[in-house]
There are 2 protein chains.
Amino acid sequence: MNLNNNSTAMDAIQKFREYIKEKGLRNTPEREMIIEEIFAIHNHFDVDELFLRLRNKKKRISKASLYRAIPLLIDSGLIKEVYFENGHLHYEHIYGHKHHCHLRCVSCGRIVEFADDEIVSIQNKIGKNYGFAITSHRFELLGYCSQCEQKQKTCTERNTSIKTLKRHQAIDMSIQTKNPHNQRGDTRR
Amino acid sequence: MNLNNNSTAMDAIQKFREYIKEKGLRNTPEREMIIEEIFAIHNHFDVDELFLRLRNKKKRISKASLYRAIPLLIDSGLIKEVYFENGHLHYEHIYGHKHHCHLRCVSCGRIVEFADDEIVSIQNKIGKNYGFAITSHRFELLGYCSQCEQKQKTCTERNTSIKTLKRHQAIDMSIQTKNPHNQRGDTRR
DNA sequence: TTATTATTGAGATTCATTTTCAATTATAGC
DNA sequence: GCTATAATTGAAAATGAATCTCAATAATAA
């Protein structure tokens, strides 16, 4: 979970303003609203949640504007996509947080954040081996949290029923991918 | 890349038949076609590619059937989702392959597979620390491959142009998430 | 061979996301 | 402050991946 305080939120808003200016874009009340709201959320969020939260505060904004703001926020390094679940993307704000990884309970969905320095040494080793200049990593652990593991032990039916098979569950993508000069895949649909 | 040979493919097909029988499902020519084709692909693939490959071989099958087969193939441990890119999911077959992670060039998209045992020890450590019974992990490294790094050095303009900002790029999800008794998130749209 | 019921294909539907376009408004230059 | 320019907005339409519906078909068990 993100342990932000107001000053971090203010810094983030400031950073966004600078990003906007630097890119020759325009600072609009809509964009300010969005980033303010995002940094008021201390959890992972999705576009719909953002939309509803703003609407509840009587802040009228269109979903199109939310969707339009997301890539800017990602590019400015303020948020990142964390996972793809139930058919849509989820985000978290990353400004002022140190890089962390996720531990996810595949049964109840609980997410715990953790950080580990050893990962960086593995990262360096592999990068060297394959001639890559590594800029970031994505590491997620999946398993059963203590509560669910308990339940599992008393559960005789471990098989998945076909009826309940679903896709799009708990699909992690915790990374910010900066792609300064991508040469391929530029075929817009 | 997957280094399959025919015998692995045959084993996989056999395994799928057993899975089908075990679950009380029916073995159909469509399902056989699908798994045969998947194990004839030695790369990551998506539903559309699968559809086109089958069509090119004059094997007529509906996309609905492909989409319907995917969760079965995942549940039987034969394929897994590897990433979400350009707005849709990509898969790889995993039967007969040892678990591996991906190294991805964020510039050209090149993917290299690697395996590392140290990851498992980190996994165990973190699992113990947080009281999780870890069943699997997902680890991806992102950076610039040697060629792209070279290009980078001679590239003065490192900024992303707003016009080319895109989402849904190179979103990894390399894991099979088995979810035997999920208690939440069961609200179908 | 027959009855049962899962599976299929075609098309409709859903839903997240993107695009279009006319109206609005932030910014730069006066 | 005023004006011109062009970016941004909202609303609605469009897109596209994935899912669902339903009648026809076909795999399995008896």
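Hydrogens, waters and symmetry mates play no part in the numbers below; they use all other heavy atoms, side chains included. Order of the sequence lines fixes the chain letters, A, B, ..., with proteins taken first and strands second; residue numbering starts at 1 for each chain.
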Atom-to-atom span, [atom1] of [X] to [atom2] of [N] - whole angstrom:
{"X": "B:D48", "N": "D:dT15", "atom1": "CG", "atom2": "P", "result": "17 Å"}
{"X": "B:N86", "N": "C:dA16", "atom1": "CG", "atom2": "C1'", "result": "16 Å"}
{"X": "B:Y19", "N": "C:dA6", "atom1": "OH", "atom2": "P", "result": "15 Å"}
{"X": "A:H90", "N": "C:dC15", "atom1": "NE2", "atom2": "C1'", "result": "13 Å"}
{"X": "A:I34", "N": "D:dT9", "atom1": "CD1", "atom2": "P", "result": "7 Å"}
{"X": "B:E85", "N": "D:dA17", "atom1": "CD", "atom2": "P", "result": "13 Å"}
{"X": "B:E30", "N": "C:dA6", "atom1": "CD", "atom2": "C1'", "result": "12 Å"}
{"X": "B:L66", "N": "C:dT7", "atom1": "CG", "atom2": "P", "result": "15 Å"}

Output yes when at least one side-chain N/O atom of [X] is less than 4.0 Å from OP1 or OP2 of [N], else no.
{"X": "B:S65", "N": "C:dG9", "value": "yes"}
{"X": "B:Y67", "N": "D:dT19", "value": "no"}
{"X": "A:R60", "N": "D:dG10", "value": "no"}

Check: A:R138 main-chain N/O paired with A:H102 side-chain donor or acceptor under 3.5 Å: no
Using the test salt bridge (charged side-chain N to carboxylate O under 4.0 Å, His left out), find all partners of B:E118 that sit at least two apart in sequence or belong to another chain. A:K125
With sequence neighbours excluded, what pairs up with A:E30 under the salt bridge (charged side-chain N to carboxylate O under 4.0 Å, His left out) test? none
For A:D46, check side chain to side chain donor-acceptor pair (under 3.5 Å) against everything at least two apart and list the hits. A:H88
Taken in chain and number order and not counting sequence neighbours, the residues that satisfy side chain to side chain contact (heavy atoms under 4.5 Å, CB included) with A:K57 are A:E37, A:K59
By side chain to side chain contact (heavy atoms under 4.5 Å, CB included) - contacts of A:A115 (at least two apart): A:K98
Bend across the helix from C:dT1-D:dA30 to C:dC30-D:dG1, to 10°, with axes taken over 5 pairs at each end? 40°
State which residues pass ring pair (Phe, Tyr, Trp, His ring centres under 6.0 Å) with A:F45; sequence neighbours excluded, sorted by chain then number. A:Y91
With B for base contact, S for sugar-phosphate-only contact and - for none (protein heavy atoms under 4.0 Å), nucleotides 21-30 of chain D reads B----BBS--
Scan residues 6-20 of chain B for pairs that pass salt bridge (Lys or Arg N to Asp or Glu O under 4.0 Å), counting only residues two or more places apart or in two chains. B:R17-B:E32
Of the listed C:dA16, C:dT7, C:dG9, the closest approach to the A:H88 side chain comes from C:dA16
Count the heavy atoms of every other residue, nucleotide or ligand shown that sit under 6.0 Å from NZ of A:K128, and state whether that count exceeds 12. no
